[in-house]
Amino acid sequence: TGKLTTKPVTKFTELTVIATNTVSGHTATLTVNLYPATKSIKITDADGNAVPKTIAFNKDNLDLNLLATVKPDSAAAADWSLKWSSSDENIIKTVDSENGVFRIKNAGKVRIECKTTDGSNVKGYLYLEITKDSADVKISAPAKTLTSGESMNLKAKVLTANDVKAANQSVIWSIAD
């Protein structure tokens, strides 16, 4: 029985382990792939872009696909994987814990965690606030009739699906012919 203990490496290294019979001199070899330990995990969207801290959702944008970048680059071994999870499955449900796929369920604050399964116990976190996208815009005006050349001030109120004033009240005004 032999024990192989490695020293830290900064890049991929291929080791050849040799066992030699002390009587006959016969040998056997074993190739071992040695990868550097994971130091950090950065979480981005599926395209590699930063994920906004606040995500507004509606029935059309319920899926959230994330990507993890592991440092150093050479730390990713062939048998290496990540495990993704949500701190609150009632807000964001983990759909695929190996590939960073989530489904937005409700509004609230949540922490997404991505951790290595290589024994290094390195974790990356993404803190999100999920809000409901605006569901309705209401316009109020002092009158519905104008004479040519007159003007009046209009007000728009953006509401969430629960008829609560939305955080973002921005609107673009236009006239339909």
Side-chain angles (χ1 to χ4, degrees), residues 1-134 160-162 166-168:
T1 301
K3 180 178 181 180
L4 174 63
T5 303
T6 62
K7 294 181 179 180
V9 295
T10 58
K11 63 180 184 173
F12 168 79
T13 305
E14 189 175 88
L15 303 174
T16 302
V17 179
I18 304 168
T20 305
N21 181 284
T22 57
V23 176
S24 68
H26 288 100
T27 62
T29 61
L30 172 70
T31 301
V32 176
N33 294 327
L34 178 61
Y35 293 88
T38 303
K39 299 291 184 196
S40 67
I41 297 174
K42 179 182 176 184
I43 299 173
T44 61
D45 70 12
D47 296 322
N49 301 313
V51 179
K53 299 294 180 203
T54 302
I55 297 175
F57 78 98
N58 59 42
K59 64 180 176 67
D60 297 323
N61 71 333
L62 296 175
D63 294 327
L64 180 62
N65 298 307
L66 299 173
L67 176 70
T69 304
V70 176
K71 294 292 181 186
D73 295 337
S74 57
D79 61 349
W80 173 94
S81 64
L82 298 169
K83 182 171 170 58
W84 294 84
S85 62
S86 167
S87 64
D88 190 334
E89 294 282 329
N90 291 315
I91 297 172
I92 293 184
K93 180 177 176 45
T94 307
V95 176
D96 184 341
S97 65
E98 293 180 2
N99 294 303
V101 179
F102 297 88
R103 177 154 285 244
I104 299 172
K105 306 289 279 180
N106 290 298
K109 292 184 179 183
V110 66
R111 181 186 78 187
I112 301 294
E113 178 183 279
C114 179
K115 67 179 178 179
T116 60
T117 60
D118 65 356
S120 63
N121 202 33
V122 175
K123 299 175 184 177
Y125 299 103
L126 180 64
Y127 297 89
L128 298 173
E129 180 173 0
I130 307 300
T131 61
K132 289 190 178 180
D133 200 356
S134 62
T160 67
N162 299 336
N168 184 346

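Side-chain atoms of Lys3 and Thr5, non-hydrogen and from C-beta on, do get closer than 4.5 Å to each other. Side-chain contact between Leu64 and Ile55 is present, with heavy atoms from C-beta onward closer than 4.5 Å.
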Check: residues 45-54 side-chain donor-acceptor pairs under 3.5 Å, at least two apart:
unit_1	atom_1	unit_2	atom_2	d
Asp45	OD1	Asp47	N	2.9
Asp45	OD1	Gly48	N	3.0
Asp45	OD1	Asn49	N	2.8

(message) Could you walk me through whether Ile41 and Thr69 satisfy the side-chain contact (heavy atoms from CB on, under 4.5 Å) test, starting with their C-alpha distance in whole Å, then the side-chain angles of each, then the deciding distance to 0.1 Å, before giving a yes or no?
(response) CA-CA 6 Å; Ile41 297 174; Thr69 304; over 6 Å; no
(request) Go through the steps for Thr117 and Ser81 under the test side-chain hydrogen bond (donor to acceptor under 3.5 Å, both in side chains), then give the verdict. (result) CA-CA 6 Å; Thr117 60; Ser81 64; 2.8 Å; yes
(request) Quick one: do Trp84 and Ile43 satisfy side-chain contact (heavy atoms from CB on, under 4.5 Å)? Show the steps, please. (result) CA-CA 11 Å; Trp84 294 84; Ile43 299 173; 3.9 Å; yes
(request) Run the numbers on Glu14 and Thr31 for side-chain contact (heavy atoms from CB on, under 4.5 Å), then give the verdict. (result) CA-CA 7 Å; Glu14 189 175 88; Thr31 301; 3.3 Å; yes
(message) Run the side-chain contact (heavy atoms from CB on, under 4.5 Å) test on Phe102 and Ile92 for me, step by step, so that the C-alpha distance in whole Å, both residues' side-chain angles and the decisive distance to 0.1 Å come before the verdict.
(response) CA-CA 6 Å; Phe102 297 88; Ile92 293 184; 3.4 Å; yes
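With hydrogens and angles ignored, the 3.5 Å screen pairs no side-chain donor or acceptor of Thr27 with any backbone N or O of Thr20.
Every side chain to side chain donor-acceptor pair (under 3.5 Å) that Asn99 has, sequence neighbours left out, goes to Asp96. Scanning for side-chain contact (heavy atoms from CB on, under 4.5 Å) contacts around Thr22 gives an empty result, with sequence neighbours left out. Applying the side chain to side chain donor-acceptor pair (under 3.5 Å) criterion to Glu89, with sequence neighbours excluded, gives Thr94. Contacts of Ile91 classified as side-chain contact (heavy atoms from CB on, under 4.5 Å), with partners at least two apart in sequence or in another chain: Asp88, Val110, Ile130. Remark: Leu34 engages Thr6, Val9, Thr13, Leu15 in a side-chain contact (heavy atoms from CB on, under 4.5 Å) (not counting sequence neighbours). Taking Asn90 as the reference, nothing meets the side chain to side chain donor-acceptor pair (under 3.5 Å) condition, with sequence neighbours excluded. Not a single side chain to side chain donor-acceptor pair (under 3.5 Å) links Asn106 to another residue, sequence neighbours left out.
The OG atom of Ser87 sits 7.0 Å away from atom CD1 of Ile112, with the distance rounded to the nearest 0.5 Å. In this structure, the separation between CG on Leu82 and CD on Glu98 is 9.5 Å, given to the nearest 0.5 Å. Interatomic distance, NZ of Lys93 versus OG of Ser85, reported as 12.5 Å (0.5 Å rounding).
Contacts classified as salt bridge (Lys or Arg N to Asp or Glu O under 4.0 Å) and involving residues 102-111 (residues at least two apart or in different chains) are given here: Asp63-Arg103, Arg111-Glu113.
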